Protein chains: 2
Amino acid sequence: MCKADKRKKTTMADLARLTGVSVMTVSRALKPNGSTSAETRRRILEAAENLGYLVDRSAVSLATQRSGFVAVVTPRSPEALFQDIRNGLCDGLLAAGVEPLLSPPHDCPAQEETLVVAALSRRPEAIVLAGGPHTPRCSRLLEQANIPVVEIFNLPKQPIGHAIGFCEHNAGRRMARYLTKEGYRRIGFLGGDPSWDPCGGALRGGFLDELRHRGVSDLLVQGWPRPTMEMASAAKATRILLRRDPDIDAIMCVSDKAAYAALQVCEQRGLQAPCDVAIASFGNTELAAHSTPGLTSLDIGACSIGARAADVVVRSLKDGQFAAAPSSEEIQTKLKERGSTHGTPKPCAHTKQLLHAYMMR
Amino acid sequence: MCKADKRKKTTMADLARLTGVSVMTVSRALKPNGSTSAETRRRILEAAENLGYLVDRSAVSLATQRSGFVAVVTPRSPEALFQDIRNGLCDGLLAAGVEPLLSPPHDCPAQEETLVVAALSRRPEAIVLAGGPHTPRCSRLLEQANIPVVEIFNLPKQPIGHAIGFCEHNAGRRMARYLTKEGYRRIGFLGGDPSWDPCGGALRGGFLDELRHRGVSDLLVQGWPRPTMEMASAAKATRILLRRDPDIDAIMCVSDKAAYAALQVCEQRGLQAPCDVAIASFGNTELAAHSTPGLTSLDIGACSIGARAADVVVRSLKDGQFAAAPSSEEIQTKLKERGSTHGTPKPCAHTKQLLHAYMMR
DNA sequence: CTGAAAGCGCTAACAC
DNA sequence: GTGTTAGCGCTTTCAG
């Protein structure tokens, strides 16, 4: 009844004193399957509710040697994709009764290491993180942590435990193959600085390799220094690209947002996709499907990566065998072809109307 | 040197045994300002590094009664906005040396309660969460938790502790006022189901109120049942709206993504913004600024909300006085006017070119 | 500079 | 059904 005025939090001892039982009885009454008389439990639960008592999970963790949560450490970039991945992951874990606890987003391997140290210090049951690259110490700590480690998004060269992801390099090559087959020859690449977006860097690497392999070497690359303001950065980079090579005929972008920004800049310049310049991207988020024209984009199945990861975590937690025999699952990126790289644009209703208005003047 | 083969994690006792000192010395050696001889410390740190030792923060929390982290509990919707808010918040907290720990996103107050219980059980130093609504029990637990509570995003009717946010109702009214002043009379609203998006619901409420107040009562509302696939849902809802009232002259949307989808649908139908139908939205994210035409949108300063919240948390943690005297800061939404509701569209370069191609056939 | 003792809040393993 | 004892891994406090 009386509110806790003191700084001290209420403990089981308080509940025990109040209800005239031992601490152990309180502990049992608070669990769904503890053996306590109905009446005793009722009184204890009532007292707990009145005082707003909540178990101290630090103490529980210490006593049981089980923390009951799974750590999730993801990079800030690419946000839209990790958003979906995290959603799929969290939903899957919660559905299985496992609690995910997310670290703040990181911008580089060094920061990742800091966050992984913090996460491991809380003794998670398992840890899910992006495929890297990690710092050497980070990798070592993960190996020594003795818990299931699940690397997602990009497939690491040397997985620590389980891995579910795609190969960015292959993804880049794939798109390069497609664009060259479609006949594009003066191709640009738009992406962030690899120091904060290693994944985009690898994508670009694969893209470049394949282009060279196909004899398309006159490639222009334009990047930007920070992960924020992606559209504005991409728009600016596009302008530079167009200035450097006005005859550019295709631009591959590291994300749908960047691609959308590039598309707008091109249109403002009177360049129409795909006839004047093709725009392709990576991620296949909602925006790619809904923009006009639609953006040709590489799909990585972000939601399903999250769901698969949740599955692997849950199985690892249940089954020591499975946890001990790390699996590696390569996700094949799917090239989703849309109007930004293929087909001739027809004047849409909008254009017809403008045309009409234009001629009526 | 030898790897930890057993399930047991290494503890300070192991390090103490290995280096021939007491546990207490190990404890001191591990802290930056503990008084230990340089040589002893060196050996201890070396052993720790070799074994991949990391302190057990459950034990530290228990012993010191300080967990050293701040809990962050946010709703899934509106994702884009909370993304920015979380980023600003996390950056601010990390910069001040406070560790944020994020709960998975929730879809309703009941789920929020569950997550808040889990978070409070870990005894955070403070908790940051959306302004609600919360379940009664959730509010009560937050009050009894005896830690700084910071509610962000929307201003709660009855703040628990500090609050930094805007009034969705006022925001809705604001946009209604603007649209009616611009001369729009047949106005629709597009949003998600209030059960999972209470904030969008309040926005709609304010919007409706103001319209009624101004004698524009013939309002059409269209929503969707799930937080996912926002653009697809909004596109579908837009089609229904257009079918129900082909003469609709403006559509207010709960998010920029929804608005963008609506814009595309309208254009596909030959309706041009703003002359045939105006599109307005909420959030003022990158997309609103970069779409063509730009989307008129209500700006809430998401990043700064996060930064301000971090500031309040840090001050509360430092200053008991400040923590005890809850502040409430109302953020004024700014109406960012763009081409989707205002001005006459000029045929852009793209159109001119299409026009040209069209006439050359 | 180092160590021994006590205890943080809780639970496992036994008693009764 | 309930209580007792003994820790979980660490820090605080007090002695040296």
Side-chain angles (χ1 to χ4, degrees), chain A residues 4 6-45 47-48 51-68 118 120-125 145-146, chain B residues 4 6-45 47-48 51-68 118 120-125 145-146:
Chain A
K6 298 287 181 186
R7 275 206 66 83
K8 309 270 320 156
K9 315 279 193 344
T10 42
T11 72
M12 283 191 182
D14 298 324
L15 297 182
R17 209 173 311 116
L18 247 62
T19 53
V21 295
S22 75
V23 178
M24 203 52 229
T25 303
V26 174
S27 172
R28 288 195 261 254
L30 258 30
K31 325 212 148 304
N33 50 358
S35 49
T36 344
S37 81
E39 169 58 10
T40 316
R41 158 167 291 154
R42 200 194 54 68
R43 282 173 45 226
I44 294 175
L45 288 179
L51 295 175
Y53 171 81
L54 297 175
V55 274
D56 185 327
R57 292 184 62 170
S58 301
V60 176
S61 296
L62 193 55
T64 60
Q65 296 290 73
R66 313 193 72 256
S67 62
L120 292 178
S121 297
R122 300 186 191 287
R123 302 286 185 267
E125 307 277 322
N146 228 350
Chain B
K6 299 287 182 187
R7 276 206 65 83
K8 309 268 325 155
K9 315 277 189 350
T10 40
T11 72
M12 282 191 182
D14 298 324
L15 297 182
R17 210 174 309 117
L18 248 64
T19 52
V21 295
S22 76
V23 179
M24 206 46 236
T25 303
V26 174
S27 172
R28 287 196 261 254
L30 259 29
K31 325 210 146 304
N33 51 357
S35 47
T36 341
S37 79
E39 169 58 11
T40 315
R41 160 167 290 156
R42 200 194 53 68
R43 283 174 42 226
I44 294 175
L45 288 179
L51 296 176
Y53 171 81
L54 296 175
V55 274
D56 185 326
R57 293 185 60 171
S58 301
V60 175
S61 296
L62 193 55
T64 60
Q65 295 292 74
R66 313 192 72 256
S67 62
L120 292 178
S121 296
R122 300 187 189 286
R123 302 284 184 268
E125 308 277 324
N146 227 350

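Bear in mind that the values here come from a model prediction, so they are computed numbers and not experimental data. Quick note on labels: first sequence line is chain A, next is B, and so on, each numbered from 1.
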Gap between atom [atom2] of [Y] and atom [atom1] of [X] - 0.5 Å precision:
X: A/Arg122; Y: B/Asp56; atom1: CZ; atom2: CG; value: 10.5 Å
X: A/Leu54; Y: A/Thr10; atom1: CG; atom2: OG1; value: 8.0 Å
X: A/Tyr53; Y: A/Met12; atom1: OH; atom2: CE; value: 3.5 Å
X: A/Arg66; Y: A/Glu125; atom1: CZ; atom2: CD; value: 4.0 Å
X: B/Leu62; Y: A/Leu62; atom1: CG; atom2: CG; value: 5.5 Å
X: B/Arg57; Y: B/Ser67; atom1: CZ; atom2: OG; value: 8.0 Å

Backbone of A/Val23 reached by a side-chain donor or acceptor of A/Ser27 within 3.5 Å: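 No, because the side chain of A/Ser27 does not come within donor-acceptor range (under 3.5 Å) of the backbone of A/Val23.
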Would you confirm whether A/Arg41, through its side chain, and A/Ala29, through its main-chain N or O, come within 3.5 Å as a donor-acceptor pair?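 Pair found, side chain donor or acceptor close to backbone of A/Ala29.
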Indicate whether any N or O donor in one side chain lies under 3.5 Å from an N or O acceptor in the other, for B/Thr25 and B/Ser22.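 Yes - a donor-acceptor pair under 3.5 Å links their side chains.
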We want to know whether A/Ser37 and A/Thr40 form a side-chain donor-acceptor pair, criterion being a heavy-atom distance below 3.5 angstrom. yes
Tell me which residues in residues 35-43 of chain A lie within less than 4.0 Å of DNA chain D, going by non-hydrogen atoms.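 Correct list: A/Ser35, A/Thr36, A/Ser37, A/Thr40.
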Nearest-Å distance, CG (A/Leu30) to P (D/dT2)? 14 Å
What is the per-nucleotide protein-contact pattern of nucleotides 6-16 of chain C, from the 5' end, where B denotes a base atom under 4.0 Å from a protein heavy atom, S denotes such proximity for sugar-phosphate atoms only, and - denotes neither? -BBBBBBB---
Please report the end-to-end axis angle for the helix from C/dC1-D/dG16 to C/dC16-D/dG1, five pairs per end, rounded to 10 degrees.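 Its terminal axes enclose an angle near 30°.
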